[in-house]
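Take a look at the structure below.
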Amino acid sequence: MNESLVHFFISCRYTKDFWAEVIKWFDNQGVKIKHLSEKDIMFGILRCEDELLINHILIIAKQYLHSCRQNKSLPSIKVLNLKIKTIHQLETMIAKSNNRLKAHNMKWDKYKNY
């Protein structure tokens, strides 16, 4: 099957459900996103309070969607959350070793380890 990027990342019914769960996940983190437009999903969100965290999560989510497609599995917000948790832990270790915890904490300020 030949899929366009728009179908794959935006219009597929499984992807739509997944992005709705991502928005709820952001809300649980204290990051208010009412809607993710096609442009937001494809290119990121500019000029907002939590820009670094949001765009990093969007990249992780898109990578995860690609992995699901390759593995012929449906995306799960629980699995995405585990991936985010792992990346947060890794970045925390790197920030500590590079004496950059302040910048790291600013980016991940609203992230709650569920």
### Task
Can you measure from NZ (K102) to CE (M106) and round to the nearest 0.5 angstrom?
7.0 Å

### Hydrophobic cluster membership, I87 vs L101, 4.5 Å side-chain cutoff
no

### Task
Mark yes or no for whether T92, through its side chain, and H88, through its backbone, hold a donor-acceptor pair below 3.5 Å.
yes

### Task
Give, for atom CD1 of I57 and atom CH2 of W108, the distance between the pair rounded to the nearest 0.5 Å.
4.5 Å

### Query
Roughly how far, to the nearest 0.5 Å, is CG of N81 from NZ of K83?
12.0 Å

### Task
Flag the pair K110 / F26 as yes when at least one side-chain heavy-atom distance between them is below 4.5 Å, and no otherwise.
no

### Message
Please check this pair: side chain of Y14 against backbone of S73, looking for a donor-acceptor N/O pair closer than 3.5 Å.
### Response
no

### Task
Decide whether L5 and I41 are clustered together by the hydrophobic rule: side chain heavy atoms of Ile, Leu, Val, Met, Phe, Trp, Tyr closer than 4.5 Å, transitively.
yes

### Query
Is there a donor-acceptor contact under 3.5 Å from the side chain of K112 to the main chain of Q29?
yes

### Task
Would you name the heavy atoms of I54 and C48 that are closest together and state the gap between them?
CD1-SG, 3.7 Å

### Message
Applying a strict under-4.5 Å side-chain criterion to I, L, V, M, F, W and Y, I'd like to know whether L52 and M42 cluster together.
### Response
no

### Query
When clusters are formed from ILVMFWY side-chain contacts under 4.5 Å, directly or step by step, what else is grouped with M93?
L90, I94

### Task
Could you label the plane-to-plane angle of the W25 and Y111 rings as parallel, tilted or perpendicular, counting under 30° as parallel and over 60° as perpendicular?
tilted

### Task
Report, as yes or no, whether the 6.0 Å neighbourhood of atom CZ on F43 holds more than 12 heavy atoms from other residues, nucleotides or ligands.
no

### Query
Can you tell me how far CD1 of I33 sits from CG of L58, rounded to the nearest 0.5 angstrom?
6.5 Å

### Task
To the nearest 0.5 angstrom, please state how far the CH2 atom of W19 sits from the SG atom of C12.
12.0 Å

### Summary
Here the pair of heavy atoms bringing C68 nearest to P75 is SG-CA, 3.6 Å

### Task
Give, for atom OG of S37 and atom CD1 of I10, the distance between the pair rounded to the nearest 0.5 Å.
8.0 Å

### Message
Tell me if the CG atom of N99 is crowded by more than 12 foreign heavy atoms within 6.0 Å.
### Response
no

### Query
Side chains of I45 and D50: closer than 4.5 Å at any heavy-atom pair?
no

### Message
Determine whether a donor-acceptor pair (N or O, by modelled atom type, separation under 3.5 Å) exists between the side chain of Q63 and the backbone of I59.
### Response
no

### Task
Spell out, as yes or no, whether a donor-acceptor pair under 3.5 Å connects the side chain of T15 to the backbone of S11.
no

